[in-house]
Amino acid sequence: MWKIITVLLLFCGVYPGLASADNSIVTTKLDEVKHNLSLVQMLRDKAHASPEKSRWLSAVARHSACVTLWAAEVIASEDAEKTLMNFRTGEHSGLPQVFEYDSLAMKELMNASYYQQLVDYLVRALADWYQGKIPYSGAVFSQAYPFRVFGGSDFISGIVDGIDMSDIIGSITYYAHLTTEQGVIHIKLTNVMSLESYAGANYFKHRFIDNPKRGAFSSTHQILLWQLPIPEEYR
Amino acid sequence: MMRVLVVLMIIQVFLLAGCQSQSVKLPQRDNIVSPLGIYVTNTTQKYWLAILQEQKYLICSPSNCQTNAYQIVAVNYGVILLGFFSTEHGEQLERLSHGSLKSEAFYQSMKNNRMQLTRPNDLAFNIRDCQGIPCAGIGHVRNGVKFYKVENFDEFWVPNLSDVPKNVKTNGDK
């Protein structure tokens with residue numbers, strides 16, 4: 001989602017400045033804070049401080065998204081087209097959309113190398129949680145560390161065969177949830193499609209974009225359900 | 001002609017970079033020695049969680065606490081909090097974990113989806129290292145709820161402990 005506007009902004013020389021400014025602030029603050037308690041307080045404050053939104057960048061993102069998403073819908077797969085259109089027009093219920101394991105959308109998603117790596121990472125983390133042996137049933141696990149962000153190379157390798165679900169979901173926004181039942185690992189991924197995600201917020205860790213509360217480009221949620229047998233090595 | 005070849009080569013390099021399998025290492029957690037202790041949330045509403053010895057935990061708001069059992073897992077950086085989402089505070093934290101105010105229908109839809117999974121009310125409290133502080137997150141990675149471990153609870157915040165059993169240790173895992 002974020003790549004096209006990222007390229008545009010890179011050409012404008014906007015992002016390098018923003019990205020480096022953001023990093024330097026974080027580094028400086030971390031150097032200053034030594035005591036655990038004050039660092040917790042800082043993290044709390046940071047989480048709830050009103051982020052500095054840029055009206056100008058939000059407007060650029062909206063205009064860019066108008067064009068690029070509309071163009072992408074033309075060549076996108078059916079599920080991807082519908083998901084993009086709901087986001088672009090804002091004509092959705094505001095409720096999460098569930099994509100079941102056996103849906104075409106999930107098959108599209110899991111065909112992509114990035115999501116295969118993500119699943120591999122999650123299964124290994126689940127096995128680690130149970131010290132190498134995943135319980136046949138009744139395991140429950142929540143991802144702690146976010147997986148790497150969906151990057152430019154992931155996008156480029158993904159669009160070779162057209163635009164499908166794997167190209168529009170990008171980095172997964174929620175911590176993944178895993179359970180096991182009868183030798184099968186169930187994975188629940190929850191994603192938010194938002195204007196800030198489109199503008200590279202996951203990749204550049206910025207908070208400059210104001211997500212519309214309603215109407216066009218208001219955020220949509222996707223719940224992505226996947227399952228696979230417990231690999232032999234973890235049984 | 002030369003330019004076309006160069007462009008094709010660049011595209012090929014990008015494609016190879018994208019297609020190559022990358023092994024992603026699991027993070028190191030050496031500095032997390034025990035899940036026992038007091039955790040405070042990053043929410044504006046003051047919630048805190050105490051993971052106690054003898055496999056009990058407390059989930060508290062400023063006005064009251066609820067207690068339940070937890071399950072030990074094989075590793076030293078987490079536990080499974082049994083019945084977490086069936087407590088009043090757990091349900092409220094689940095709402096906050098989505099990051100911003102949503103409709104009641106949205107919360108119910110998310111909850112219904114959770115209830116379809118096995119062990120729907122149990123929370124895997126999987127602790128990571130947040131800039132040197134043990135922490136655990138629920139929901140949205142950037143805007144959801146995070147629990148941060150505190151060394152000295154009293155310094156951080158003096159709660160109303162009238163509902164907390166008197167034998168509860170609140171000085172972390174020391």
Side-chain angles (χ1 to χ4, degrees), chain A residues 30 36-37 39-41 43-44 47-48 93-96 98 113 116-118 120-121 124-125 128-133 137-138 140-148 151-158 160 172-175 177-181 186 188 190 192 201-202 205 207 211 213 221 223, chain B residues 11 14-15 17-24 26-27 29 40-44 73-75 77-78 80 97-100 102-103 105-106 109-110 113-114 117-119 122-133 135-144 146 148-152 155-156:
Chain A
L30 279 178
N36 270 1
L37 209 56
L39 183 53
V40 170
Q41 188 62 55
L43 289 166
R44 283 169 58 109
H48 288 279
S93 63
L95 301 180
V98 180
S113 162
Q116 288 166 9
Q117 288 174 37
L118 171 62
D120 180 50
Y121 171 82
R124 277 193 295 129
D128 191 43
W129 178 249
Y130 285 102
Q131 230 165 31
K133 297 291 175 194
S137 279
V140 58
F141 173 76
S142 177
Q143 176 189 9
Y145 289 88
F147 187 59
R148 69 177 176 83
S153 60
D154 299 308
F155 177 69
I156 289 167
S157 65
V160 172
I172 300 295
T173 331
Y174 278 48
Y175 296 104
H177 181 81
L178 283 77
T179 55
T180 61
E181 195 175 10
H186 296 265
K188 185 176 101 170
T190 308
V192 184
N202 292 325
K205 307 260 188 290
R207 289 182 183 269
N211 289 319
K213 299 280 184 293
H221 287 65
I223 294 178
Chain B
I11 291 171
F14 269 107
L15 287 176
C19 295
Q20 71 183 1
S21 67
Q22 299 171 22
S23 72
V24 184
L26 295 177
R29 311 193 194 216
V40 295
T41 63
N42 62 343
T43 55
T44 49
V73 287
V75 293
Y77 52 78
I80 297 171
S97 75
H98 299 299
S100 60
K102 302 284 193 304
S103 68
F106 174 88
S109 179
M110 282 293 200
N113 189 270
R114 171 171 60 76
L117 304 169
T118 53
R119 300 182 65 175
D122 298 344
L123 170 67
F125 196 73
N126 188 358
I127 302 162
R128 60 183 277 210
D129 181 335
C130 290
Q131 298 170 341
I133 298 173
C135 82
I138 314 177
H140 196 289
V141 171
R142 296 179 75 206
N143 302 322
K146 277 204 173 60
Y148 292 102
K149 194 172 186 179
V150 289
E151 291 292 325
N152 190 331
E155 268 182 40
F156 178 78

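The chains referred to below are lettered A, B, ... by the order of the sequence lines, with proteins before strands, and numbering in each begins at 1.
- The backbone N or O of A/Gln143 lies less than 3.5 Å from no partner atom in the side chain of B/Asn126, so there is not a single donor-acceptor pair.
- At a 4.5 Å heavy-atom cutoff, the contact between A/Thr173 and chain B is made by backbone and side-chain atoms alike.
- Heavy-atom distances place the backbone of B/Ile138, and not its side chain, under 4.5 Å from chain A.
- In terms of non-hydrogen atom pairs under 4.5 Å with chain A, the most contact-rich of B/Leu123, B/Asp129, B/Ile127 is B/Asp129.
- Taking the side chain as every heavy atom from C-beta outward, A/Pro146 and B/Arg128 approach each other to under 4.5 Å.
- Pairing each heavy atom of A/Ser142 with each of B/Ala124, the nearest pair is N-CB, 3.4 Å.
- Considering only heavy-atom pairs separated by less than 4.5 Å from chain A, the leading option among B/Gly137, B/Cys135, B/Ser103 is B/Gly137.
- The aromatic rings of B/His98 and A/Tyr174 sit tilted relative to each other, their planes meeting at an angle between 30° and 60°.
- With a 4.5 angstrom heavy-atom cutoff, A/Lys133 does not touch chain B via any of its atoms.
- Looking at heavy atoms from C-beta onward, B/Leu26 lies in side-chain contact with A/Tyr121 at the 4.5 angstrom threshold.
- Residues A/Gly94 and B/Phe106 come closest through the heavy atom pair O-CD1, 3.3 Å.
- How far CG of B/Asn113 is from CG of A/Leu95: 11.5 Å, rounded to the nearest 0.5 Å.
- Checking side-chain atoms of B/Arg119 against main-chain N and O of A/Val140 turns up no donor-acceptor pair under 3.5 Å.
- Contacts of B/Tyr77 classified as side chain to side chain donor-acceptor pair (under 3.5 Å), with partners at least two apart in sequence or in another chain: A/Asp128.
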Decide side-chain contact (heavy atoms from CB on, under 4.5 Å) for B/Met110 and A/Ile223; before the verdict, give the C-alpha distance in whole Å, the side-chain angles of both, and the deciding distance to 0.1 Å. CA-CA 9 Å; B/Met110 282 293 200; A/Ile223 294 178; 3.8 Å; yes
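- Contacts of B/Ala136 with chain A are absent, with no heavy-atom separation under 4.5 Å from either backbone or side chain.
- Proximity of the aromatic rings of B/His140 and A/Tyr175 is defined here by a centroid distance below 6.0 angstrom, and this criterion is not met.
- Between atom CZ of residue B/Arg114 and atom NZ of residue A/Lys188 there is a gap of 8.0 Å, rounded to the nearest 0.5 Å.
- A/Thr180 touches chain B through its backbone: at least one of N, CA, C or O sits under 4.5 Å from a heavy atom, while the side chain does not.
- Rounded to the nearest 0.5 Å, atoms CG (B/Asp122) and OG1 (A/Thr179) are 11.0 Å apart.
- Rounding to the nearest 0.5 Å gives a distance of 6.5 Å between OG of B/Ser100 and NZ of A/Lys213.
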Walk me through whether B/Val141 and A/Phe147 qualify under side-chain contact (heavy atoms from CB on, under 4.5 Å). CA-CA 11 Å; B/Val141 171; A/Phe147 187 59; over 6 Å; no
